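Written below as structure tokens is the structure these notes are about.
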Amino acid sequence: MAISSGTTNLKLDTQKIELLEKLPPSARRVFKIVKEKGPITSAEIVEICNLAPRTVRHGLKLLVRAGLIAVSYTHLRAHETSLHLVCRL
């Protein structure tokens, strides 16, 4: 029996939503910001949500491990790297 890609995507999205619901409130808050703002840096997230940088980093780590956000690095100049976060849901 063939399963349409739309049904498969819906199942994957449901699984990701379930993963998100299991995360701490601070991680869900960070996810919401990344989803709304698009590519964003962790420093920008800290400014927007008024959470401690350590709390944001922990939330980001959990979200990346869960596959809910992707990390993209851009090398600006020597010893400077910009980190951009993008929602995968």
Side-chain angles (χ1 to χ4, degrees):
M1 173 189 265
I3 299 174
S4 71
S5 61
T7 305
T8 304
N9 289 340
L10 180 61
K11 184 177 179 181
L12 291 175
D13 289 346
T14 303
Q15 290 173 345
K16 288 182 178 184
I17 290 169
E18 289 173 0
L19 283 172
L20 185 61
E21 290 173 348
K22 293 178 183 178
L23 295 175
S26 57
R28 291 194 305 262
R29 189 170 174 190
V30 168
F31 177 81
K32 183 179 177 184
I33 291 169
V34 173
K35 186 174 181 181
E36 290 174 357
K37 300 293 181 180
I40 189 170
T41 66
S42 56
E44 292 169 330
I45 294 170
V46 169
E47 289 177 18
I48 291 169
C49 68
N50 295 320
L51 292 172
R54 183 176 180 175
T55 303
V56 170
R57 284 193 305 270
H58 179 68
L60 291 172
K61 180 173 68 173
L62 294 174
L63 291 165
V64 169
R65 284 184 182 167
L68 297 170
I69 61 172
V71 180
S72 171
Y73 297 93
T74 304
H75 297 285
L76 304 172
R77 290 177 270 178
H79 308 294
E80 289 185 19
T81 302
S82 176
L83 167 85
H84 296 277
L85 306 152
V86 181
C87 176
R88 290 183 139 179
L89 184 63

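As the structure is a prediction and not an experimental result, all values here were calculated from the model.
Taken from CG in Leu63 to CG in Leu19, the straight-line distance is 10.0 Å, to the nearest 0.5 Å. Atom-to-atom distance recorded for Ile69:CD1 and Ile33:CD1 is 11.0 Å, nearest 0.5 angstrom.
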Per-pair distances, 0.1 Å, donor-acceptor, side chain in residues 21-31, under 3.5 Å, sequence neighbours excluded:
| unit_1 | atom_1 | unit_2 | atom_2 | d |
| --- | --- | --- | --- | --- |
| Arg28 | NH1 | Glu21 | O | 3.4 |
| Arg28 | NH1 | Leu23 | O | 2.5 |
| Arg29 | NH2 | Cys49 | O | 2.7 |

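Taking each heavy atom of Ser42 and Leu60 in turn, the nearest pair found is CB-CD1, 3.7 Å.
No side-chain heavy atom of Thr55 sits under 4.5 Å from any side-chain heavy atom of Val46.
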